[in-house]
Trainee: 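My questions all concern the structure below.
Letters A, B, ... are given to chains in the order of the sequence lines, protein chains preceding strands, and every chain is numbered from 1.
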Amino acid sequence: MLYSEMHLPTGREVPSDAEVVSNQLMIRAGMIRKLTSGIYSYLPLGYRVIRKVEQIVREEMNKAGAQEVHLPMVQPAELWQESGRWNYYGKELLRFRDRNDRDYCLGPTHEEVITDLVRHDIKTYRQLPKNLYQIQTKFRDEVRPRFGVMRCREFGMKDAYSFDADEAGAEKSYEKMFAAYNNIFRRCGLKFRPVEADSGSIGGSFSHEFMVLAESGEDAIAFCEKCDYAANLEKAEIARPEKTEPGDGDRPALESVETPNVRTIDEVSAFLNVSPQQIVKTLIFNADGRACAVLIRGDHEVNEIKVKNFLGAAELELADDEMIFKATGAPRGFAGPVGVKVRVIADYSILGLADMVTGANRENHHLKNVNLGRDFAVEAFADLRVVQPGDACPRCAGEIKFARGIEVGHVFKLGTKYSKAMKAVYLDRDGREKTMIMGCYGIGIGRTAAACIEQNFDQNGIIWPMPLAPYAVIVTPVNINETEVMKAAREIYDELLAAGVEVILDDRDERAGVKFKDADLIGIPLRIVVGSKNLAQGRVELKIRKTGENRLYATSDICEEVRAIIAAELKTAV
RNA sequence: CGGGGCGUAGCGCAGCCUGGUAGCGCGCUUGCUUUGGGAGCAAGAUGUCGGGUGUUCAAAUCACCCCGCCCCGACCA
C-alpha cells in the first residue's frame, strides 16, 4: 500500500479523554475513533489488526474442531424469558421494541440463541459432541465504559459453545478449548497466564480466565513463582497450615478489658499494644437471612466469595446493626466468638493461635487470652480469606506473588444451566431423553489487540509483534525527490509485494523525521530506509522496531532477509 | 445511582472570576527555502463558544434547565 493513498490519520497530541496507553496510542496511530461513550470505529489500520487476531482465533478454533456460525445480534425477548435472564440480566442488556411493539435486545452474549439453534437440530447422541463458534459484535450497556476498546459497550467477541452428551465429554471439550486458547494467545505474541476463576454456583474448578499481564490491567491475579498455579484473587486458594496446634501448657486465664470506643483492628492493636496477628476479627454475615460469624486473623481480609461458597448461600452480605446486636448483644465493633449466639466458622488462620484478643460481645469491651476449645467452639475451619503476597502456593512449595492482568479470554463450563432451562435434550443410546451439557468460551477481539499494545510500546509508539502487525514492513525513501532513491525504494516495495509481504511504501513528500516518527508510532516491526548515501554504495538500512537495531544490507539482499525475519517471527509465535 | 470535573477551530488548550471586536500552539491551504528523527519564513482558510431559556443596551463570560463526555465510588461478571 502506498502511504500517500492510505487513510491513516496519525496525531501528535494525546487525546485528553484517553487514560490508558493503548487507548492513547490507538487513537494517535489512527487505528480507532470514538463515536460516543464506549462505542468505537475502527479505521483501516486498526481493522487490519482486528482481522489478524480474528484469523488466528479462527485457525485455532477450526483446528480444535469447532465450526464457525454467525448468529443474530438482535434477539427476541421470548428466548431470554425462557432462560430467565430477561429479568436477571439487568441494565447491561439493551432492550428495545420493534414496530409491532415486540420486545428485543441486542445480544450481550449468545447462549440463548445457540441453545435454541441446537435444540432444534440436534436430536440424538450420534450428533454430539458439537462446538459452534462465531466472531461477532456484542453489546453490553456497561455502567462505566473505560479504557477505550478494552472496556466498551459495543465490541467484537469470539464466542464458542460446546454441547456434549455427558460429563466426560464436556470435560474433554473444555480441555480442547483450554489448549486452543493457549495456542491463540501464544501465537498473538502475548505474555499471558490462564488463571483459575470462581465459577460460582456451577461448581468445580472449571473456569479459567486468560489474563494478559500488564500493569494497567483491571484485575489482580495471584500466581506462584515456582509452578504454573495462578488464580484471580477471589478464587486463589490458601492451603490449610501445617502447624495447627497452639502448643501445650497452661494458658493464662480469660480476661475482659475495657476498651472504650475501640473498634477496629488498628485501634485494638494500638490500645492493647498487641500485634494484629494476635487479634481475631469476628464478622457477622447475613447469609440468606441467617446470621453467621466468621473468624479471621486480624491482619487478614475475609473473601466473601469463599464464605458464600462454603455456606452454599445464595445471598451473602455483611449483617446490619440490628442483626449484629441480636447475634452478639453488642453494637458493631465488639463481636467475638465467646458466647456468640450464631453459628461460627473460622478461617484456617485461626488455627495455631493461642491467647487471642477478641471482641467481648459487650459494648466497649474486648477479651484477652482467648483460647480455642477452652473458651469457644468453631463449627468448621475452612479457607475463607483473601490471598496475600507471600502466602504459600496451594500446589507446591513456592510463594504467591501478585500481578495485574487484562482478561482477554474466559473458558467456562456451563453444565446444564441453559440446556435445562431451554430444554436442549437428546436421546441417548437407550432411547432415554437427556439434557446436553454445555460449555462457553469467549475471547475479546478488540481487547486482545489493546492488551497487546499495553504489553508492547515505548515512548515512540506501538511495537507490534509480527503476528498482529497491520503491516510487516514499511519502506521509507528518505527523500522522494531523489529519483535514484525513489526508484530503489519502489523496486524493493514491488518485490516484497510480489512475494506476498504486507508492506507500506512511504511515498509521502515529507521530511525523513516525520516518516520515521509515523512509522514508529504505528509500530511496523521492520523498516527499510532508502537513503542516497547508503544507496551510492548499493546498500539500504533495516531498522528493527522492537530493538532499535540498525543493519545495512545490499539492496539485492534486503527482500530475502526481510522475508526470512518475518517467517522466523511468525514461526516462533506458532 | 452518588460525588467531582469538563464542553471554545480537526487536535491540545487560553479567555469566563471582573459582561463590550473570539485567541494561542499543532494541524490544514498557497508560495519560497530546506531535506536522515515531528523544518524555517511569508500569506491564508476554518467557530451555531454543546443546546435552550432568562437577566442585560450588550452574554463564550452571569442565572436556570437540558444534553454530551471524562474521572472517583457504588453496581455488575
Trainee: With a non-hydrogen cut-off below 4.0 angstrom, is A:Lys515 in contact with a base, only sugar-phosphate, or nothing?
Mentor: nothing
Trainee: Strictly by Watson-Crick or wobble contacts shorter than 3.5 Å, is anything paired with B:G25, and which nucleotide is it?
Mentor: B:C11
Trainee: Going 5' to 3' along RNA chain B, which nucleotides are the first and last within contact of chain A (any atom under 4.0 Å from a heavy atom)?
Mentor: B:C11 to B:A77
Trainee: Taking any heavy-atom pair under 4.0 Å as a contact, classify A:Arg144: base, sugar-phosphate, or nothing.
Mentor: base
Trainee: Before accepting this row, confirm whether a basic side-chain N of the pair A:Glu541/A:Lys543 lies closer than 4.0 Å to the acidic partner's carboxylate O.
Mentor: no
Trainee: Looking at every strand, decide which applies to A:Val14 at a 4.0 Å heavy-atom threshold: base, sugar-phosphate, or nothing.
Mentor: sugar-phosphate
Trainee: Between residues 534-559 of chain A and RNA chain B, which residues have a heavy-atom gap below 4.0 Å?
Mentor: A:Asn534, A:Glu541, A:Lys543
Trainee: Return the nucleotide paired to B:U46: Watson-Crick means purine N1 to pyrimidine N3 with N6-O4 or O6-N4, wobble means G-U with N1-O2 and O6-N3, both under 3.5 Å.
Mentor: none
Trainee: Should A:Arg85 and A:Glu111 count as an ion pair when the cut-off is N to O under 4.0 Å?
Mentor: yes
Trainee: Who does B:A77 pair with, Watson-Crick or G-U, both distances under 3.5 Å?
Mentor: none
Trainee: Decide whether A:Tyr441 and A:Ser162 meet the rule of one side-chain donor and one side-chain acceptor closer than 3.5 Å.
Mentor: yes
Trainee: Just checking A:Gly90: base, sugar-phosphate only, or nothing, at a heavy-atom cut-off of under 4.0 Å?
Mentor: nothing
Trainee: Hey, does A:Arg33 reach any base, or is it just sugar-phosphate, or nothing, if we go heavy atoms under 4.0 Å?
Mentor: nothing
Trainee: Measure from NZ or CZ of A:Arg95 to the centre of the six-membered ring of A:Trp80 and say whether it is under 6.0 Å with the direction within 45° of the ring axis.
Mentor: no
Trainee: Return the 5'-most residue of the pair A:Asp520, A:Glu13 with respect to RNA chain B, ranking by each residue's nearest nucleotide.
Mentor: A:Glu13
Trainee: Does A:Asn460 reach a base, just sugar-phosphate, or nothing at all? Heavy atoms under 4.0 Å.
Mentor: nothing
Trainee: Tell me if the aromatic rings of A:His110 and A:Tyr161 count as close, with their centers under 6.0 Å from one another.
Mentor: no
Trainee: Using a heavy-atom cut-off of 4.0 Å across all strands, would you classify A:Glu234 as base, sugar-phosphate, or nothing?
Mentor: base
Trainee: So, A:Arg48 and A:Tyr471: side-chain donor and acceptor under 3.5 Å apart, yes or no?
Mentor: yes
Trainee: Counting any heavy atom closer than 4.0 Å, what does A:Thr36 reach on the DNA or RNA strands: base, sugar-phosphate only, or nothing?
Mentor: sugar-phosphate
Trainee: Suppose we define a pair by two distances each less than 3.5 Å, Watson-Crick or G-U wobble; what does B:G19 pair with here?
Mentor: none
